[in-house]
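Below is one structure, written out as structure tokens; the observations come after it.
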Protein chains: 2
Amino acid sequence: MASATIRDVARQADVSVASVSRALNGHSNVHPETRARVVEAAKALGYVPHAGARSLSLARNHAIGVVLPDLHGEFFSEIVRGIDRETTARGYHLLLSNMHADAELAAQAMRSMRGRVDGLIVMAPQLDPAALNEALPKGTPAVLVNTSDGGERQAMRVDNRAGMETIVRHLLFTGRRSLVHIAGPAGNIDARERREAFTATLAEHAPNVPVRIVEGNFREEAGARATAALLDAGEPVDAIVAANDMMALGAMNALKDAGVVVPGEVAVTGFDDIPLARYMGLTTVQVRSADLGARAVARLIGALEGARDAGVEFVTPELIVRSTSDRQSAA
Amino acid sequence: MASATIRDVARQADVSVASVSRALNGHSNVHPETRARVVEAAKALGYVPHAGARSLSLARNHAIGVVLPDLHGEFFSEIVRGIDRETTARGYHLLLSNMHADAELAAQAMRSMRGRVDGLIVMAPQLDPAALNEALPKGTPAVLVNTSDGGERQAMRVDNRAGMETIVRHLLFTGRRSLVHIAGPAGNIDARERREAFTATLAEHAPNVPVRIVEGNFREEAGARATAALLDAGEPVDAIVAANDMMALGAMNALKDAGVVVPGEVAVTGFDDIPLARYMGLTTVQVRSADLGARAVARLIGALEGARDAGVEFVTPELIVRSTSDRQSAA
DNA sequence: CGGGTCCGTGTAACCGGTTACCTACCTTGT
DNA sequence: ACAAGGTAGGTAACCGGTTACACGGACCCG
């Protein structure tokens, strides 16, 4: 019942295990006839090499691990899609580890991958650099994605400042003067940078527009709640600048419920360009998330195979104007 | 530089490797003081057990593999999300293997997981049972999801007939009389069942309504193209019954482009209830995809841990009426 | 014809854990 | 005082591969 091992094949083909290994791995110093006998024996027994044993002796897994906080939400799904695409293309396996709220759990997850993977891709936007460096296994190469980096490590980051600046300037250019930013969760690096860029861009390009920010957490309900609260308070608003697309969608729902016309009375913008955004006509900045993931894999595997390559690589998002903000009516 | 091994820990604590193993795995016959010395030594060296070596000697990986045809599309994303949730909750690891168009590649992928995983979850709706049984590794337990099964295997299936029947009856009940089905790709088991159920339901409940079917492939563009072609041909249509949500969305776009009012002139329905469907107000049947994946994992791990459990388990989808079909105006 | 090469193959050590089995010692009962 | 039983811990085999090294035979050369 148990699967055939290399020794079974050796016995069947009447050679040693060494020859079987050499024959099946395409080494050159095997007599053609011997190789044929081995191949035939392997086929007859339905032999499949045991990847675990192979990894142990080669000290190489041909697998990479992905640690991420939450598979929920299209943003992470997209990144994982890109990671998967590139991993498969390069003949590696992908080990997924998900939902690690706090640093201790994340460390746990990363440790449990030792001996299973050759390298890690870590997404932990909510972890501070110290905790992260503590948690990262010493011997394992890692690429950080959207994560405050400890400096020297390989990392991929979204240029949040550039993205937010294009959004705010677009809104100002189309005549909006009462902008409100719905921020992401405190402690999240992307949220923090977007928030700072919102403030900075207004200060630079429209010093007379007040900086108004309400708190959110990247989830749809938060966008809806924050927007409803704004409307209830009767505050003047002509543009809602959400820190991500999901909150922007929540905002759109709240505005619709309140009978506010988008984009006529209020413009809405998001961040990320998740697939949903296209369907909902949401103006946003496009972060090519799948490419971000794919690029992280490419760099990681490059490093595994000996490339010298460190430091942060930024991807610059691009403004996508859709129907939740009008393109005309400059100030 | 290389990570510490159990022998390093043994030397450091001045005991044998057996005691280290016993101490760290919580066996009972270890003197408390010895255990303390071992734990301290392990911490001092930053020792992390090598999962690969552990798996080899235990013949147990605590990991399951997922083979699926295409991570693209929200339907599969949802299933993977559910799989991941349950896998993590039970303390297992998840190995992902994606995009296997033909039987040979799929077999390849499954083979390459031997020695890495304890069991498999296989989604291959496009494979015929013979090829599948050929490809499935002999020794490895597997749960099939939305896949023509070879009979005795564990499997999860969507009750496509029941789902399609509720949709067609809903449309008939709300007065539609010119239904067109946009079918999924030939060879896909779900597509075939939905198509057959469309035909059967009309034959049973509205024998005078002609059965009209156009070909599609589950992709958005196919839905759009098929719909545009129907409109161009000037055929009478008051309901488009797509075989999945993505094609329904394509149909909606084509209708909008043509200035046809939904649901006033034409109703549109989908199948799956992907997250997008809620945003787009699409009437569909809800397949709790995430739960489907989670349930598959639960059964697989159950079987790994000795449970006797075989055969097909169906999940019954539920009709969700939204704004692309009206709920009033019975015939 | 002896010595050096090259080729094909087998033997056994090794990767890093787990654990069956054995030993040494310490109790405990009679 | 001694046999029996229990406890703690060491030795080495094993999981299933890979590969350094050794070895024997064929071939070539001077």
Side-chain angles (χ1 to χ4, degrees), chain A residues 1-38 41-42 45-63 111-118 137 139-140, chain B residues 2-39 41-42 45-63 111-118 137 139-140:
Chain A
M1 197 57 242
S3 303
T5 75
I6 197 173
R7 287 168 232 268
D8 298 326
V9 178
R11 197 173 315 126
Q12 173 93 2
D14 197 29
V15 294
S16 73
V17 294
S19 289
V20 175
S21 178
R22 285 190 282 250
L24 296 180
N25 288 306
H27 289 209
S28 57
N29 50 344
V30 183
H31 193 94
E33 196 216 303
T34 307
R35 186 189 305 275
R37 268 220 316 289
V38 167
L45 295 174
Y47 171 68
V48 179
H50 188 289
R54 199 145 196 276
S55 294
L56 183 57
S57 92
L58 290 175
R60 201 75 199 299
N61 296 88
H62 269 271
R111 263 196 296 273
S112 75
M113 285 190 172
R114 137 133 154 114
R116 273 186 216 282
V117 301
D118 300 321
T140 313
Chain B
S3 303
T5 74
I6 196 173
R7 289 170 228 267
D8 298 327
V9 177
R11 197 172 315 123
Q12 173 93 1
D14 196 30
V15 295
S16 73
V17 293
S19 288
V20 175
S21 179
R22 284 190 283 250
L24 295 180
N25 288 306
H27 290 210
S28 58
N29 50 344
V30 183
H31 192 93
E33 196 216 303
T34 307
R35 186 188 306 274
R37 268 220 317 287
V38 169
V39 167
L45 294 173
Y47 171 67
V48 179
H50 188 289
R54 198 146 197 276
S55 294
L56 183 56
S57 94
L58 290 176
R60 202 74 199 301
N61 295 90
H62 269 272
R111 263 195 296 274
S112 75
M113 285 192 174
R114 137 135 155 112
R116 271 185 219 281
V117 301
D118 300 320
T140 312

Considering every strand and a 4.0 Å limit on heavy-atom distances, what is the contact class for [X]: base, sugar-phosphate, or nothing?
X     : result
A/S21 : base
B/S55 : nothing
A/A59 : nothing
B/R60 : nothing
A/R35 : nothing

So which atom in [X] and which in [Y] form the shortest heavy-atom distance, rounded to 0.1 Å?
X      : Y      : value
B/D118 : B/H62  : OD2-N, 2.6 Å
A/D8   : A/T5   : OD2-N, 2.9 Å
B/A13  : B/A41  : CB-CB, 3.8 Å
B/S55  : A/R116 : OG-NH1, 4.1 Å
A/V38  : A/V9   : O-CG1, 4.1 Å
B/R22  : B/R35  : O-NH1, 4.1 Å

Start with the C-alpha distance between A/R54 and A/N25, add both sets of side-chain angles, then the distance that settles side chain to side chain contact (heavy atoms under 4.5 Å, CB included), and finish with yes or no.
CA-CA 12 Å; A/R54 199 145 196 276; A/N25 288 306; 2.7 Å; yes
Among [options], the nucleotide that comes nearest once only the side chain of [X] is considered:
X     : options                : value
B/P49 : C/dG17, D/dT18, D/dG9  : C/dG17
A/R54 : C/dG17, C/dT18, D/dT18 : D/dT18
A/H50 : D/dG16, D/dA8, D/dT18  : D/dG16
B/R22 : D/dT18, C/dT11, D/dG9  : D/dG9

For a 4.5 angstrom cut-off between non-hydrogen side-chain atoms, does A/V48 reach A/S3?
no
Please state how far atom [atom1] in [X] lies from atom [atom2] in [N], giving the value in whole angstrom units.
X     : N      : atom1 : atom2 : result
B/L24 : C/dG16 : CG    : P     : 16 Å
B/H31 : D/dG6  : NE2   : C1'   : 15 Å
A/N61 : D/dT18 : CG    : P     : 14 Å
A/E33 : C/dT9  : CD    : C1'   : 13 Å
B/N25 : C/dA20 : CG    : C1'   : 16 Å

For DNA chain C, find the residues of residues 7-17 of chain A with a heavy-atom distance under 4.0 Å and give them by number; none if there aren't any.
A/V15, A/S16, A/V17
With a 4.0 Å limit, can you tell me whether [X] has a side-chain N or O closer than that to the phosphate oxygens OP1/OP2 of [N]?
X      : N      : value
B/N29  : D/dG9  : no
B/S19  : D/dG10 : yes
B/T5   : C/dC15 : no
B/R116 : D/dG16 : no
A/T34  : C/dT9  : yes

Using the closest heavy atom to pick a nucleotide of DNA chain C for each, name whichever of B/H27 or B/L56 lands nearer the 5' end.
B/L56
Assign each of A/L58 and B/V30 to its nearest nucleotide of DNA chain D by heavy atoms, then name whichever residue's nucleotide is nearer the 5' end.
B/V30
